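Here is the structure we will look at.
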Amino acid sequence: MANDTQILEPVKEKEPLFGKAEKKLLTDPLNDNNPITVQVLGVCSALAVTTLVYPSVVMAIAVTFVTAFSNLFTSLLRNTIPKSVRMIVQLVIIATLVTIVEQILKAYNFPIYKQLSVFIGLIITNCIVMGRLEAFAMANKPWRSFLDGIGNGLGYGAILIIIAFIRELLGKGSLFAGSPIELKIIGAADTYLINTKANPWFGWYMNNNLMVLSVAAMFILGIIIWIQRARNPKLVDIS
Amino acid sequence: MEFVNIFIKSAFVENMILAYFLGMCSFLAVSKSLKTAFGLGLAVIFVLGITMPINWVINTYILSEEGMFGMDLTFLRFILFIAVIAAMVQLVEMVVEKLSPALYNSLGIFLPLITVNCAILGGSLFMVSREYTFSNSVAFGLGGGFGWFLAIVALAAIREKMAYSNVPAPLRGLGMAFILTGLMGIAFMSLMGIDPATMGGK
């Protein structure tokens, strides 16, 4: 059936490699079509890994890699996958990519691998990956699917890093803890950027332990959604 | 006795949703009405209860070094676990359709969606990292599923009530669901640190 339609198609003009449509694919998920706040996909890991900024950055890179390449491979195979077993085929593609990510992390950055623990494995069931495969890659050409994957991975990463930034700064008084560029912002020791003991004007701040708990991520995400929808009334839930 | 302890611990103290935030996608998407939430919750209990022991057997007798092949195959864990889950969900779907068409219709689309519910795969991965025995993994599967069921039914009930209150327009729906789940999480935190094994006369 697929062959008939292909034969009837007229010879198309060559599409630009990076035109307006492609740019939209990359930028839309960062704002109006964000996978977390608008499509509500992939929330689990967004809440669990965001206590520190550094693991969140690693997670964002891992998810971007997986979405981009699973989109690419599914799109390449889309005409050969039978509809009845497509879920399993997609899951095998995703699981293979996630295994690659896991093995690389285990080999090159073991502390982060330990810290992320099961959440690397849970990228498989991260709804963003599966959702984009179903909604986009099964119906579009490989190059566009690849860009859509990168865009959605970045949109996911952006929210992850915003939440982690707020939680780490308010909860631990530091930024990028554990990474080579660790910064200590607020605290009572001499090594901190703002020394709350020595500097009487900054003595007001104490680490907020609520921010370290995962419930804080729920509240921050709720507030991010609130701000985003207040700025863009099109997104407001009418029901 | 340990069976009951792990059941209670995984259902209440270490609730899948409210302590680990696993399975949030379907939790938020399906909690709009009490009836569908109830159906999905039951399906999750069922699938978790079945896949957990099967994955335990696979992990112990095939993937581990003492297993059938005598070598460390743990890098295949993700692929095998997710394949078992997908196959089980498909099987459950077929069996339910055959035996009870009424239940099948009420579950509808949510049955196949359980495959990508983080709580199922997460449960299997937790089971591996906590080194449970076979009976423990059965208890953990059933208890985790029951906790998930409880949480989604509670949130659905609250959200049905919320429909009558005057929430600011941008916060309506999703935003409010997040904040409600956060508050429920704080409530469940009061159970944290309780160990059923050391309670009652010891």
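Since we're looking at a predicted model, the values are computed, not measured. Every chain is numbered from 1 and lettered A, B, ... according to where its sequence line falls, protein lines coming before strand lines.
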- Quick one: which of Val215(A), Val98(A), Ile225(A), Ile227(A) has the most heavy-atom pairs under 4.5 Å with chain B, could you say? Val215(A)
- Tell me, with the steps shown, if Leu174(B) and Arg229(A) meet side chain to side chain contact (heavy atoms under 4.5 Å, CB included). CA-CA 10 Å; Leu174(B) 188 60; Arg229(A) 295 193 176 181; 3.6 Å; yes
Do other residues, nucleotides or ligands put more than 12 heavy atoms under 6.0 Å from [X] [atom1]?
{"X": "Phe165(A)", "atom1": "CZ", "answer": "no"}
{"X": "Gln103(A)", "atom1": "CD", "answer": "yes"}
{"X": "Tyr61(B)", "atom1": "OH", "answer": "no"}
{"X": "Tyr54(A)", "atom1": "OH", "answer": "yes"}

- Task: Before giving the answer on side chain to side chain contact (heavy atoms under 4.5 Å, CB included), spell out for Arg77(B) and Glu102(A) the whole-Å C-alpha distance, their side-chain angles and the decisive distance to 0.1 Å.
- Result: CA-CA 11 Å; Arg77(B) 192 180 282 152; Glu102(A) 192 216 11; 5.7 Å; no
What's the separation between atom [atom1] in [X] and atom [atom2] in [Y], rounded to the nearest 0.5 Å?
{"X": "Phe78(B)", "Y": "Thr125(A)", "atom1": "CZ", "atom2": "OG1", "answer": "10.0 Å"}
{"X": "Cys118(B)", "Y": "Ile123(A)", "atom1": "SG", "atom2": "CD1", "answer": "11.0 Å"}
{"X": "Leu91(A)", "Y": "Leu121(B)", "atom1": "CG", "atom2": "CG", "answer": "9.5 Å"}
{"X": "Trp226(A)", "Y": "Arg172(B)", "atom1": "CH2", "atom2": "CZ", "answer": "12.0 Å"}
{"X": "Phe75(B)", "Y": "Thr99(A)", "atom1": "CZ", "atom2": "OG1", "answer": "9.0 Å"}

Toward chain A, the part of [X] with a non-hydrogen atom under 4.5 Å:
{"X": "Met189(B)", "result": "side chain"}
{"X": "Leu183(B)", "result": "both"}
{"X": "Ala19(B)", "result": "backbone"}
{"X": "Ile179(B)", "result": "both"}

- Note on the structure: Test side-chain contact (heavy atoms from CB on, under 4.5 Å), reference Ile82(B), set Ile94(A), Ile124(A), Val92(A), output is Ile124(A)
- Note on the structure: Most heavy-atom pairs under 4.5 Å with chain A, out of Leu125(B), Leu76(B), Leu180(B), belong to Leu125(B)
- Note on the structure: Okay, Leu213(A) and chain B: the region with an atom under 4.5 Å from a heavy atom over there is side chain
- Name the region of Gln228(A), side chain, backbone, both or neither, that has any atom closer than 4.5 Å to a heavy atom of chain B.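 Nothing of Gln228(A), per the 4.5 Å heavy-atom cut-off to chain B.
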- Message: Between Leu22(B) and Phe119(A), does the side chain to side chain contact (heavy atoms under 4.5 Å, CB included) criterion hold? Intermediate values first, please.
- Response: CA-CA 10 Å; Leu22(B) 292 179; Phe119(A) 292 99; 3.9 Å; yes
- Query: Just wondering, do Thr181(B) and Phe219(A) contact through their side chains at under 4.5 Å, heavy atoms?
  - Reply: no
- Kindly determine whether Thr96(A) and Ile79(B) satisfy side chain to side chain contact (heavy atoms under 4.5 Å, CB included), including the steps that lead there. CA-CA 7 Å; Thr96(A) 313; Ile79(B) 296 181; 4.0 Å; yes
- Exercise: identify the closest heavy-atom pair between Ala86(B) and Ile88(A):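 So the minimum-distance heavy-atom pair works out to CB-CG1, 3.9 Å.
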